[in-house]
Each structure stands twice: as structure tokens, then as C-alpha cells.
Amino acid sequence: MDTLYFDLRDTRAIQRDRTEKISEAARILREGGLVAIPTETVYGLGANALDENAVARIFEVKGRPQDNPLILHLSGQQWLPRYCADIPPMAFALTRKFWPGPLTLVLKRRNNVPDRVTAGLDTVAVRCPNHPVALALIRELGLPIAAPSANLSGRPSCTTAREVLADMRGKIHGIVDGGPCAIGVESTILDLTGPQPRLLRPGGVPVEAIETLIGPIAIDRAVTAPLPKDERPKSPGMKYRHYAPRLPLTVFSGAPDATAREISRRMCPRTGIICFDEYKELFPYQEVRTIGPYSVPAEQARRLFSALRAFDESACTEIYAQCPDSRGLGLAVGNRLKRAAGFRVVESDTQRIILGLTGGTGAGKSTVLEIIEEMGGSVLDCDRVYHQLLDENEELRFELRRAFRTAFSIDGTLDRKKLGEEVFGKKDQRARLDRIVFRYLLPVLEQKIAAVSEGLCAVDAVNLLESGLDRLCDATIAVTAPMEVRVQRIMARDGISEAYARLRISAQKSDEYYRSKCDYELNNAADTRELFIKETRVFLRRLIDGLQEEKRYGAREKKKGRVIRE
Ligand code: TXA
Ligand code: MG
């Protein structure tokens with residue numbers, strides 16, 4: 001098959017010439033052919049979306065798994081109701097702001113969208129590309145164009161027509177050259193069919209820009225980590241290897257100085273390097289592709305895929321790449337790099353993050369701690385350290401015995417329950433006990449916190465704020481929950497009466513107190529435990545990422561009191 005080439009790079013080309021080329025390309029599409037088209041993100045491999053056979057050929061030509069659905073490219077938001085059902089108002093707010101542009105929305109489909117396009121799902125992905133040639137083509141065709149990225153399945157996407165030719169020459173009917181893609185990574189995919197908007201793929205529209213418009217969104221786990229083998233991804237495309245260059249790729253994440261150092265330490269003469277402009281000189285004897293300055297992720301996005309492809313023709317045996325941080329377009333660049341590497345990622349610096357957790361009984365603190373442990377973090381249980389001290393520290397016992405005589409038996413054994421009763425509901429007694437205990441406990445806890453040299457550690461302390469331990473934490477989190485929920489939980493957990501559960505809660509500090517004094521609040525008002533766990537995971541992942549970046553690049557303005565659910 002001959003692949004026709006339409007040169008539409010020159011936007012000033014005389015109108016008639018442009019019109020002729022566009023109507024010719026549209027004619028091929030109308031007749032069921034495949035045409036590669038330029039968009040602002042990457043080149044797409046287009047077909048008439050309502051032509052099942054043409055769509056089927058896209059899968060054949062790309063070698064794309066049948067269960068990976070395609071994006072419908074529309075001429076504007078006025079086409080949404082033609083192909084989508086149950087469209088939430090938020091969808092229009094988003095399209096008004098970001099279309100035409102690199103934002104794809106997943107919505108409920110209408111039945112006129114072929115199963116081949118959606119791979120049998122009851123949802124459909126739609127976007128309106130911000131490229132004059134793509135828009136002119138869709139308008140001329142009068143129908144949506146279904147288009148995946150125009151690369152062979154598994155390879156880096158194409159950001160120039162020449163790269164499309166390398167993958168597709170002789171396999172498709174035409175290619176429209178609209179110049180190099182302005183953005184360089186694919187669109188951001190946002191799923192609006194669930195209870196909360198969910199990011200399925202980071203891309204050309206930064207998460208921050210979306211959140212400014214519609215508030216916090218959930219980040220699908222597949223965005224930052226490989227999926228466990230048995231898990232079904234929300235977006236079928238997430239389970240496949242993507243963007244892979246021919247050579248094995250290793251990605252180095254962390255502060256740029258640290259990653260550059262780590263790369264120099266490990267590289268061999270035939271290691272190819274992808275690095276930020278500032279670090280090129282460090283590798284005078286290597287084959288190097290730069291992707292722009294460290295602080296300009298938009299430039300890195302533009303140059304990333306070409307850099308990955310460039311090594312296909314080299315004498316190198318492997319590639320090492322520096323990874324940007326996740327701010328702005330950096331999230332998309334890092335995501336493509338990590339996937340291209342099959343998640344072979346070297347963490348070049350492991351930051352020490354200390355989270356302080358506090359809150360009243362029954363609110364869900366232990367659930368949050370379990371999640372932190374599951375994330376690889378350690379937990380410093382201050383209550384346990386306290387009890388250990390009570391058992392072992394003679395001086396502490398001596399002082400307590402002087403102050404709370406009745407809690408001790410004649411032979412000097414401490415009855416903890418009695419001690420609790422002595423201070424229960426008595427403010428000055430409680431303060432007295434705290435004063436004595438903190439004097440012994442704090443140095444021990446401080447020492448334990450100082451001994452954490454890297455990684456995540458949660459300090460679990462009811463008295464986090466009163467003891468002053470909060471000052472040793474990178475962030476403090478109040479775990480709170482509505483009163484009724486707490487009462488029910490404590491009754492079930494400890495097998496106590498409702499009256500006693502209420503008494504115990506009322507003897508503690510109020511949620512309002514914790515809320516006002518902590519940096520963040522996790523409000524456990526979710527309908528189910530599963531939902532709370534999910535929300536907490538997302539919250540913690542992002543908090544930790546943010547704190548790590550803060551440590552690397554200096555503090556940003558500290559966000560105070562972010563509530564993930566009210
Ligand atoms: O920027 C872009 O989006 C480019 C240009 C050409 O528009 N297109 C693109 O298409 O990147 P593709 O096929 O390479 O990636 C589409 C992604 C796949 O991961 C697919 O699984 C996901 O979108 N997707 C499509 N329909 C979906 C749906 N109904 N639900 C969830 N994910 C969907
Ligand atoms: Mg693709």
C-alpha cells in the first residue's frame with residue numbers, strides 16, 4: 001500500500017491548497033481508510049469512528065490488544081450529547097475551560113458508538129484536539145475520528161510525521177504532516193463516571209489546573225505504580241507495556257543532582273543518557289539526549305518521545321534517564337518514563353518523612369496506621385513506649401507513686417486501671433500525670449524519632465500536640481469522625497455500653513481541637529471502611545510526594561487543614 005503524504009506544515013499555505021488536501025484526507029477516512037493526523041499532543045492514527053471495519057483495522061495495523069479502547073476526537077463540546085449519555089454538569093465546565101485541548105473525558109456512552117471503539121465498555125473516552133488541521137479534518141468529515149497514538153503498539157508515541165512514517169509506512173493510506181506536536185505527551189484522561197473524578201492518565205493538562213477548577217480529584221493507583229498482576233485496571237491501556245524504546249531503559253528519580261550522580265556512578269561506556277540540559281557536561285564521553293532545563297517540564301514533554309526513539313539508531317546497549325519531579329507536566333513526563341522503563345526505577349535519594357497522627361478514640365487512627373505500614377512505613381506507638389517506661393523506669397515509678405499513691409499496691413505494683421481512674425475527668429490530676437510522664441517519655445521518643453534515618457515513619461500519639469512531639473514531625477494529621485460513628489465503633493470494638501462509650505469520648509479532647517491544631521485532617525465519615533481506606537491511600541500518597549518534593553526543593557506554602565472528606 002502506498003502511503004499518501006499531505007504536507008500541511010505551513011499554516012500560511014494558500015487556502016485552496018490546504019482545503020484540497022484536507023478534503024482529500026477526509027475522503028480517505030470517509031471511505032474507510034486510515035490516516036495519521038497531527039494533534040497538539042502526539043500524532044493519532046485516525047479512522048471514521050462510526051465505521052466498525054475501519055476501526056478494526058486500526059487495531060490490526062498497530063498490533064493493539066482488542067480490549068484497549070480508543071478515544072473519540074470531536075469537533076467541540078456541542079457533539080458531546082451525540083455520543084455520550086448522563087453527562088454531568090462538571091463535564092461541561094471542564095470542556096468549556098480546556099477544549100480544544102489535551103483533556104480526555106471518560107463518560108457514559110450512547111449506543112451509536114461502536115463496541116470496537118469502546119472495547120465493549122459502557123463508557124467512552126472523548127476529546128477535542130487543539131490543532132487546526134485535526135479540527136479541520138473532523139469538521140470536513142462531519143463525524144468523530146477514533147484515534148490512538150500513531151505508533152506501533154508498545155513503542156514510544158510519535159511527535160513528528162517522520163516518526164509516524166517509520167512505524168506506519170506502507171501500512172496506512174495517508175499521513176498528514178502538521179509539524180511537530182506542541183505538547184508532546186498524550187492527553188490527560190479524567191474519568192467522570194465514578195463517585196469522584198479520577199485521573200486515569202496524567203497528560204497535557206496538569207492535575208493542578210483541573211483541581212483549581214473542580215477541586216481535589218482521585219489519582220488512580222496505576223498512574224504512579226505498576227498494577228498488581230491480578231488487578232483489573234480502570235483504563236485497559238494501563239496494563240500494557242508502553243512507550244518502550246528498543247534498548248532497556250532505567251529511570252532515576254530524586255533530586256536532579258542526586259540522580260546525575262547516581263547515573264555517573266553506574267553507567268558504562270555504552271550507556272546512553274537522557275538528562276536535563278544542566279547536566280549534559282557531566283557526561284562528555286556518553287551518547288546524550290537532553291530534554292530541556294530541569295525546571296521546564298513542558299519542554300521535557302515536547303522532547304521526551306523523540307529522545308527515547310533516538311537511541312533506537314545508536315550503538316548504545318542501554319539507556320539511563322533522569323526523571324523530573326511530579327509538579328505540573330512533570331507528572332506526565334515521569335509517568336511515561338517509568339512505563340517506558342517497565343517501572344525499572346532507581347530511587348536516588350530516600351527522604352525521611354515523619355508524620356504525626358493524633359485524634360480521639362474510635363475515629364480510625366489505627367486504620368490509617370495500617371495503611372502507612374502497608375506503604376512500607378514504620379509506626380512509633382507512643383502509648384506502647386509509655387507502658388514500657390512504666391514497667392521499666394524506676395525513677396518514673398517512684399515519682400508516680402508519690403503523686404498517685406492509691407494507684408500502687410503496698411508491694412509497689414502499679415495498677416494502670418486505677419491510675420486511669422484517678423485522673424479520669426479530673427483536669428488538674430490529668431495535667432499532673434502528663435507533666436511527670438512527658439518528662440521521662442519525651443527524651444525517649446525524641447531519640448527514637450531521631451534514629452529514623454530514611455523512609456516514612458508515623459508517630460502515633462494521643463498527646464502529640466500537648467507533648468510538643470508535633471514539632472518533630474513534617475506534618476501532623478488529625479483523624480476525626482462524627483460522634484455517632486465513634487460511639488458505635490467503640491461499643492462494637494471494646495464491648496462496652498453506649499453510656500460508657502460516650503463518657504470515654506467526652507473525657508477526650510474534641511475533634512474541633514485536633515482539627516484546629518493539626519496541619520491536615522482525615523475525616524472518617526465515609527460510608528464504608530473500604531472507601532475510607534481508598535481515600536486515605538490517595539491522600540497519604542500525595543501528602544508524602546508533596547513533602548518529599550518540599551524537602552528536595554525547599555518549602556512551598558504549607559497547605560493547612562485540607563479535609564479530604566466532609
Ligand atoms: O493525546 C491523546 O490522547 C492521543 C491523541 C492521538 O489524541 N491519543 C492517545 O490514544 O493517546 P491512545 O489510544 O494511545 O490512548 C488512549 C488511552 C488508552 O490507555 C485507553 O485504555 C484509554 O485511553 N481509554 C480509552 N477509552 C477508555 C474508556 N472508555 N475508559 C477508560 N479508558 C479509556
Ligand atoms: Mg498510545
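Atoms within a ligand are numbered from 1 in the order they appear, just like the ligands themselves. Only this structure's heavy atoms are used, side chains among them; waters, hydrogens and symmetry mates stay out.
- Among the backbone and side-chain atoms of Ser149, an N, O or S atom lies under 2.8 Å from the Mg ion (ligand 2).
- In terms of the salt bridge (Lys or Arg N to Asp or Glu O under 4.0 Å) criterion, Arg139 has no residue partners (sequence neighbours excluded).
- With contacts defined as side-chain heavy-atom distances shorter than 4.5 Å, the pair Tyr320/Ile274 does not qualify.
- For Ile71, every heavy-atom contact with ligand 1 shorter than 4.0 Å involves the side chain, none the backbone.
- At least one heavy atom of Arg201 sits closer than 4.0 Å to an atom of ligand 1.
- Residue contacts with ligand 1: Leu200 is included, with a non-hydrogen atom under 4.0 Å away.
- Using a 4.0 Å cut-off to heavy atoms of Thr41, the atoms of ligand 1 that qualify are 1 (O), 2 (C), 4 (C), 5 (C).
- No hydrogens or angles considered: a donor-acceptor pair under 3.5 Å links the side chains of Ser187 and Arg201.
- In Arg64, the part holding a heavy atom less than 4.0 Å from any atom of ligand 1 is the side chain.
- Between Ser314 and Arg270, the side chains place no donor N or O within less than 3.5 Å of an acceptor N or O (distance only, hydrogens not considered).
- Of the polar atoms of Lys62, none of the N or O atoms is found under 3.5 Å from an N or O of ligand 1, judged by distance alone.
- Listed by first and then second residue, the ring pair (Phe, Tyr, Trp, His ring centres under 6.0 Å) pairs that reach into residues 96-151 come to none, sequence neighbours excluded.
- With a heavy-atom cut-off of 4.0 Å, Leu70 touches ligand 1 through its backbone alone.
- Between Ser306 and Glu163, some side-chain heavy-atom pair lies under the 4.5 Å cut-off.
- The option with the heavy atom closest to atom 29 (N) of ligand 1, from among Thr123, Leu72, Thr39, is Thr123.
- Using a 4.0 Å cut-off between heavy atoms, Arg127 contacts ligand 1 through its side chain alone, with no backbone atom that close.
- At a heavy-atom cutoff of 4.0 Å, ligand 1 is contacted by the backbone of Val124 but not by its side chain.
- In this structure a side-chain-to-backbone donor-acceptor pair under 3.5 Å is missing from Gln300 to Ile291.
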